**Student:** 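I have a structure here, written as structure tokens, and I will follow up with some questions on it.
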Amino acid sequence: MLGVMTIVMSLVTNYELSVAKLLQLKVHLGVDMESGVLLAISPWLFGFAQVIWWPHLLVGLMEIVVPLMTDKTAGSARDNGRMS
């Protein structure tokens, strides 16, 4: 479910690879971080940590860290026509 949501958001986020530029990049990154938290805690939240937990925690933490390291201003000058 989170994967489908991420793909749809990527298609409509205002950045160079999107199909429709409807969603601000900062909003997209915020939702990424929130879904990362949900993914990271999901084994314990939904009671399957005794079966498998580490992939969910690892990918969830990556989904939190990557938006923190992303340049949120990249492309904004180009999109506004201010780049030479």
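What you are looking at is a predicted structure, and each value in this text was computed from that prediction instead of being measured.
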**Student:** Shared ILVMFWY cluster between Ile41 and Trp54, side chains joined below 4.5 angstrom?
**Tutor:** yes

**Student:** Just verifying a value: how many Å separate Asp32 CG and Leu2 CG, rounded to the nearest 0.5 Å?
**Tutor:** 10.0 Å

**Student:** Is any side-chain heavy atom of Met9 closer than 4.5 Å to one of Val27?
**Tutor:** no

**Student:** When clusters are formed by joining ILVMFWY residues with side-chain heavy atoms under 4.5 Å apart, either directly or through shared neighbours, do Leu68 and Val59 land in the same one?
**Tutor:** yes

**Student:** Determine whether Leu57 and Phe46 fall in the same hydrophobic cluster, where Ile, Leu, Val, Met, Phe, Trp and Tyr are linked whenever their side-chain heavy atoms lie under 4.5 Å apart.
**Tutor:** yes

**Student:** Side chains of Leu45 and Leu38, heavy atoms from C-beta outward: is any pair under 4.5 Å?
**Tutor:** yes

**Student:** First locate atom CG of Leu29, then atom CD of Glu63, and finally report the distance between them rounded to the nearest 0.5 Å.
**Tutor:** 10.5 Å

**Student:** Looking only at non-hydrogen atoms, find the nearest pair between Phe48 and Ser42 and report the distance.
**Tutor:** CE2-O, 3.4 Å

**Student:** Measure across His28 and Thr6 and return the closest heavy-atom pair with its distance rounded to 0.1 Å.
**Tutor:** CE1-O, 4.4 Å

**Student:** Which pair of heavy atoms, one from Thr70 and one from Val66, lies closest together, and at what distance?
**Tutor:** OG1-O, 2.7 Å

**Student:** Is there a path of hydrophobic side-chain contacts, each under 4.5 Å between heavy atoms of I/L/V/M/F/W/Y residues, joining Ile52 to Trp44?
**Tutor:** yes

**Student:** Linking Ile, Leu, Val, Met, Phe, Trp and Tyr through side-chain heavy atoms less than 4.5 Å apart, which residues share a cluster with Met69?
**Tutor:** Val65

**Student:** Please tell me whether Leu17 and Ile7 are part of a single hydrophobic cluster in this structure, the criterion being side-chain heavy atoms less than 4.5 Å apart.
**Tutor:** no

**Student:** For the residue pair Asn14 and Leu25, establish whether any side-chain heavy-atom pair is separated by less than 4.5 Å.
**Tutor:** no

**Student:** Looking only at non-hydrogen atoms, find the nearest pair between Gln50 and Gly47 and report the distance.
**Tutor:** NE2-O, 3.1 Å

**Student:** Does any non-hydrogen side-chain atom of Tyr15 lie less than 4.5 Å from one of Ser10?
**Tutor:** yes

**Student:** Using every non-hydrogen atom in the two residues, find where Ser35 and Met5 come nearest and quote the distance to one decimal.
**Tutor:** CB-CE, 4.2 Å

**Student:** Tell me the closest heavy-atom pair linking Gly60 and Leu39, and the distance in Å.
**Tutor:** N-CD2, 3.8 Å

